[in-house]
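Report on the following structure.
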There are 2 protein chains.
Amino acid sequence: MAFEYEYPRAALTVDCVVFGIDEGDLKLMLIQRKLPPFKGKWALAGGFVRVDETTENAALRELEEETGLKNVFLEQLYTFSAIDRDPRERVVSVAYYALVRLSDHEVSAASDAQDAAWFEIDEHPKLAFDHQGIVDLAHERLKNTLRYRPIGFELLPERFTLSQLQHLYEVILDTTLDKRNFRRRVLKTGLVIETGEVQKDVAHRAAQLFSFDKELYQKLKKEGFNFEV
Amino acid sequence: MAFEYEYPRAALTVDCVVFGIDEGDLKLMLIQRKLPPFKGKWALAGGFVRVDETTENAALRELEEETGLKNVFLEQLYTFSAIDRDPRERVVSVAYYALVRLSDHEVSAASDAQDAAWFEIDEHPKLAFDHQGIVDLAHERLKNTLRYRPIGFELLPERFTLSQLQHLYEVILDTTLDKRNFRRRVLKTGLVIETGEVQKDVAHRAAQLFSFDKELYQKLKKEGFNFEV
DNA sequence: TAAGGATAGTGTAGATTATACACTGAGTCA
DNA sequence: TGACTCAGTGTATAATCTACACTATCCTTA
């Protein structure tokens with residue numbers, strides 16, 4: 001069944017704000033555009049949505065095509081629809097954001113992108129389109145989400161030290177935290193478990209390695225994370 | 001400048017979940033569809049986005065056309081893109097939600113809608129398309145937002161009693177609250193101010209009427225509402 | 001006009017949680 | 001072996017949350 005008359009169609013795209021953590025530093029994945037407009041400029045990974053895929057699938061597909069990133073957990077951020085946000089014609093874009101461990105994700109430019117690379121969150125080239133606004137909103141959302149949910153765990157290596165976790169929080173929230181209070185609160189959630197192992201090859205006292213209780217995480221997720229870290 | 005080749009175009013719509021408060025009861029605005037598909041069924045107000053308007057403007061326009069509601073504060077909820085969510089063809093929809101005072105908003109069916117009316121939030125007809133899912137998500141979002149921000153004030157008459165405000169919170173959160181603790185917390189925010197007036201024509205002791213400090217609200221809004229009510 | 005019904009309005013004690021704060025321990029390296 | 005680096009730990013105070021029950025005021029109606 002088709003429409004009785006033709007409605008206007010919008011060009012629909014997706015954009016992906018991918019945050020990465022590298023030893024506790026917050027990075028941002030960008031691609032260099034191979035085609036006009038903004039050819040050669042850095043931008044968010046993304047592209048057009050096909051008629052036989054959801055926006056989320058489009059985001060996953062574009063992310064893999066342009067950066068090589070796979071199996072990324074994407075969360076929908078916002079839909080941008082300013083009339084002149086694309087110089088070519090009217091383009092509406094659904095933005096997603098994601099958090100990945102940098103160590104798990106080597107990146108490789110492909111297809112539509114000349115290059116793909118990680119940048120420091122506060123020190124990256126000027127972005128094409130309205131992408132800076134999208135990044136800012138994603139960063140805000142990330143901060144707010146971190147305050148209410150234990151998302152930090154998804155960003156660290158399988159085994160991590162509590163100092164690494166704290167550093168992660170400090171970087172994302174752009175603040176400093178009290179070490180004792182932080183540890184107390186984190187341990188109280190029960191989401192981190194001692195592995196009995198310690199760091200190796202560090203030039204100081206080796207810290208204990210913890211891992212993340214994924215089962216408990218899933219359980220708490222269902223209940224809506226009614227606590228803070 | 002046009003695209004070098006034709007990208008697929010998606011039919012893009014908006015849907016509006018409008019919550020209303022009537023003496024502290026939470027209602028939902030629905031329209032009865034005049035056209036197929038789902039002709040005669042109840043659904044969210046909404047419709048197609050034109051190429052010369054943002055999704056937000058489309059939502060405002062459709063809301064006014066279909067229900068007569070004007071000057072509503074809409075907040076973007078989520079973009080739905082399941083492939084078969086519309087039986088006609090691929091339609092992506094950007095959903096918005098809003099909160100209005102029922103007393104301010106008489107509704108009137110118009111144009112695309114046969115009828116428009118308020119329903120109890122937990123007692124409304126089966127909805128067309130995937131609209132029930134949209135309503136559920138909006139209700140969840142509403143609850144979460146209420147926990148972190150003083151949105152309740154926008155929903156009551158200019159002058160309201162603290163019991164009305166509490167009732168509102170209880171209805172939205174679907175819980176009961178302790179009267180003394182609630183009052184203490186609300187007053188501590190400084191967002192409600194005594195008007196010196198009291199209720200009239202009530203069959204019991206008249207309650208004091210409060211109003212809402214809009215200036216302070218704007219100020220706190222800029223700072224990100226780092227408190228709870 | 002007195003009694004009853006309805007909602008308004010108020011305080012406190014105890015438990016829990018948040019915050020501020022500084023030193024010792026263990027390992028590496030020169 | 002001394003210096004450096006980060007790991008790891010406890011407590012006291014303040015702030016906040018929670019649970020809880022009675023009196024006050026106004027209207028209604030018998």
Side-chain angles (χ1 to χ4, degrees), chain A residues 22-25 146-150 152 156-157 159-171 173 175-211 220 225-229, chain B residues 21-25 146-150 152 156-157 159-171 173 175-211 220 224-229:
Chain A
D22 173 19
E23 293 296 315
D25 276 342
L146 190 66
R147 254 189 281 272
Y148 302 119
R149 290 193 207 175
L156 287 168
R159 332 229 120 173
F160 53 87
T161 71
L162 293 186
S163 292
Q164 282 177 309
L165 184 61
Q166 181 177 346
H167 187 194
L168 169 70
Y169 270 70
E170 290 178 336
V171 169
L173 297 176
T175 184
T176 58
L177 300 167
D178 181 89
K179 183 157 65 161
R180 279 170 292 193
N181 295 337
F182 180 80
R183 290 161 102 92
R184 182 172 24 230
R185 263 188 320 214
V186 165
L187 291 173
K188 190 163 63 80
T189 66
L191 281 163
V192 293
I193 34 191
E194 288 193 40
T195 63
E197 295 169 55
V198 295
Q199 284 180 310
K200 279 182 186 157
D201 300 321
V202 286
H204 52 80
R205 174 175 175 181
Q208 284 192 69
L209 292 171
F210 291 79
S211 70
L220 293 172
F225 290 119
N226 294 315
F227 66 93
E228 303 182 18
V229 174
Chain B
I21 296 290
D22 172 18
E23 295 295 316
D25 275 342
L146 190 66
R147 255 189 280 271
Y148 302 120
R149 290 193 207 176
L156 287 170
R159 330 230 122 172
F160 53 86
T161 71
L162 293 186
S163 292
Q164 283 177 307
L165 184 61
Q166 181 177 345
H167 187 193
L168 169 70
Y169 269 70
E170 290 178 336
V171 169
L173 297 176
T175 182
T176 58
L177 300 167
D178 181 89
K179 183 156 66 160
R180 279 168 292 193
N181 294 338
F182 180 80
R183 285 166 175 250
R184 185 174 20 234
R185 262 187 320 211
V186 165
L187 291 172
K188 190 164 61 81
T189 66
L191 281 163
V192 293
I193 33 192
E194 287 191 41
T195 62
E197 295 169 55
V198 294
Q199 283 180 311
K200 278 180 187 155
D201 300 322
V202 286
H204 51 80
R205 174 175 175 181
Q208 286 192 71
L209 292 171
F210 291 79
S211 71
L220 293 173
F225 291 119
N226 294 314
F227 66 92
E228 302 180 18
V229 174

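Just so you know, these numbers come straight off a predicted model, no measurement behind them. Every chain is numbered from 1 and lettered A, B, ... according to where its sequence line falls, protein lines coming before strand lines.
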(message) If you assign B/D178 and B/T161 each to the DNA chain C nucleotide with the nearest heavy atom, which residue ends up on the more 5' nucleotide?
(response) B/T161

(request) Please lay out, stage by stage, how A/L209 and A/T161 fare under the test side chain to side chain contact (heavy atoms under 4.5 Å, CB included). (result) CA-CA 5 Å; A/L209 292 171; A/T161 71; 3.8 Å; yes

(message) Under 3.5 Å, is there any donor-acceptor pair linking the side chain of B/R180 to the base of D/dA21?
(response) yes

(request) Give the nucleotide from the list C/dT28, D/dC20, C/dA8 with an atom nearest to the side chain of B/H204. (result) C/dA8

(request) Grab the CG-C1' distance between A/D201 and C/dT28 for me, whole Å please. (result) 11 Å

(request) Indicate, yes or no, whether a donor-acceptor pair under 3.5 Å links the base of C/dA26 to the side chain of A/R205. (result) no

(request) Rounded to the nearest angstrom, tell me the gap between atom NZ in A/K200 and atom C1' in C/dA26. (result) 17 Å

(request) Report yes or no: is there a donor-acceptor pair, N or O only, under 3.5 Å between the side chain of A/R184 and the base of D/dT11? (result) yes

(message) Distance check, rounded to the nearest 0.5 Å: B/R184 atom CZ versus B/K188 atom NZ?
(response) 10.0 Å

(message) In this structure, how many angstroms lie between the P atom of C/dA15 and the CG atom of B/N181, rounded?
(response) 16 Å

(request) Decide yes or no for B/T189 and B/R185: does some side-chain heavy atom of the first lie under 4.5 Å from some side-chain heavy atom of the second? (result) no

(request) Look at A/S163 and D/dC6 and indicate whether a side-chain polar atom (N or O) is within less than 4.0 Å of OP1 or OP2. (result) no

(request) Using the closest heavy atom to pick a nucleotide of DNA chain D for each, name whichever of B/K179 or A/L209 lands nearer the 5' end. (result) A/L209

(request) To the nearest 0.5 Å, tell me how far B/L165 CG sits from B/R183 CZ. (result) 10.0 Å

(message) Any base atoms under 4.0 Å from B/A207, or only sugar-phosphate, or nothing? Heavy atoms, all strands.
(response) sugar-phosphate

(message) Does a side-chain N or O of B/Q208 approach OP1 or OP2 of C/dG9 to a distance below 4.0 Å, or not?
(response) yes

